[in-house]
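Notes follow the structure.
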Amino acid sequence: MSTVCQSKFYTLFQSDVDRCFYIDFGQKVVKLTFCQLLALRQKVNSISIEAHFDADLNKHGFEILVLCNKEHLFLLNTLEILDLKHLVCHGFARLGISSENIMAVS
């Protein structure tokens, strides 16, 4: 298993033997297929960070993230969401699937 990308709170691994990815969330390691990793990227990119700074839109500043067909549930604060966005952006760029520049603009 090789490390693809590491951020402050999370680490993305790729396993050539299992042909899947692992994300270490600190308290839990989640096994993801490529399709599940794509779904994670979609969910993470759809989270509005601006809402975390508006008390009317997100009163407590938390996000609930459900992965792998509701198998895993995470409650993340603003800093953890920003870090996860960083991990996904740079992880996909290091895998050669997307460009870091495109993700930084969106």
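- When the side chains of ILVMFWY residues are joined at heavy-atom separations under 4.5 Å, either directly or via intervening members, V44 and F9 end up in a single hydrophobic cluster.
- Distance check: S15 OG to Y22 OH gives 5.0 Å after rounding to the nearest 0.5 Å.
- The two residues S7 and H86 come nearest to each other via the heavy atoms CB-CD2, 3.8 Å.
- Both I97 and V88 are members of a single hydrophobic cluster when ILVMFWY side chains are connected at heavy-atom separations under 4.5 Å.
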Take F21 and V30, measure what side chain to side chain contact (heavy atoms under 4.5 Å, CB included) needs, and give me the verdict at the end.
CA-CA 8 Å; F21 299 91; V30 176; over 6 Å; no
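- Judged purely by atom type and a 3.5 angstrom limit, K43 uses its side chain to pair as donor or acceptor with the backbone of V66.
- Of the possible donor and acceptor atoms, none in the side chain of D18 sits under 3.5 Å from a partner among the backbone N and O of C20.
- A pairwise comparison of heavy atoms in K31 and Q36 identifies O-OE1, 3.8 Å as the closest pair.
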Is there a side chain to side chain contact (heavy atoms under 4.5 Å, CB included) between F13 and V4 once you walk through the steps?
CA-CA 5 Å; F13 300 99; V4 175; 5.9 Å; no
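- How far OH of Y10 is from CG of D83: 6.0 Å, rounded to the nearest 0.5 Å.
- One hydrophobic cluster holds both L38 and L67 under the rule that ILVMFWY side chains link at heavy-atom gaps under 4.5 Å.
- Atom CG of L79 is separated from atom NZ of K8 by 6.5 Å, given to the nearest 0.5 angstrom.
- Cluster membership for I49 and L76, using ILVMFWY side-chain heavy atoms within less than 4.5 angstrom, is shared.
- In this structure, the ring of F74 has its center less than 6.0 angstrom from the ring center of F25.
- Summarising the local packing, CG of L73 is surrounded by more than 12 heavy atoms from other residues, nucleotides or ligands at distances under 6.0 Å.
- If you take CZ on R41 and CZ on F92, they are separated by 4.5 Å, rounding to the nearest 0.5 Å.
- Closest approach of Q14 to L95, counting heavy atoms only: OE1-CD2, 3.6 Å.
- Exactly one residue among L40, T3, L32, L37 makes a side-chain contact (heavy atoms from CB on, under 4.5 Å) with L12. That residue is L37.
- Atoms CD and CG, on E80 and L75 in that order, are 8.0 Å from each other to the nearest 0.5 Å.
- More than 12 heavy atoms of other residues, nucleotides or ligands shown are found within 6.0 angstrom of NZ on K28.
- Counting only heavy atoms from C-beta outward, the side chains of I81 and K85 approach each other to under 4.5 Å.
- The hydrophobic clustering, which links ILVMFWY residues whose side-chain heavy atoms are closer than 4.5 Å, places L87 and F34 together.
- Closest heavy-atom contact between N58 and H52: ND2-NE2, 3.5 Å.
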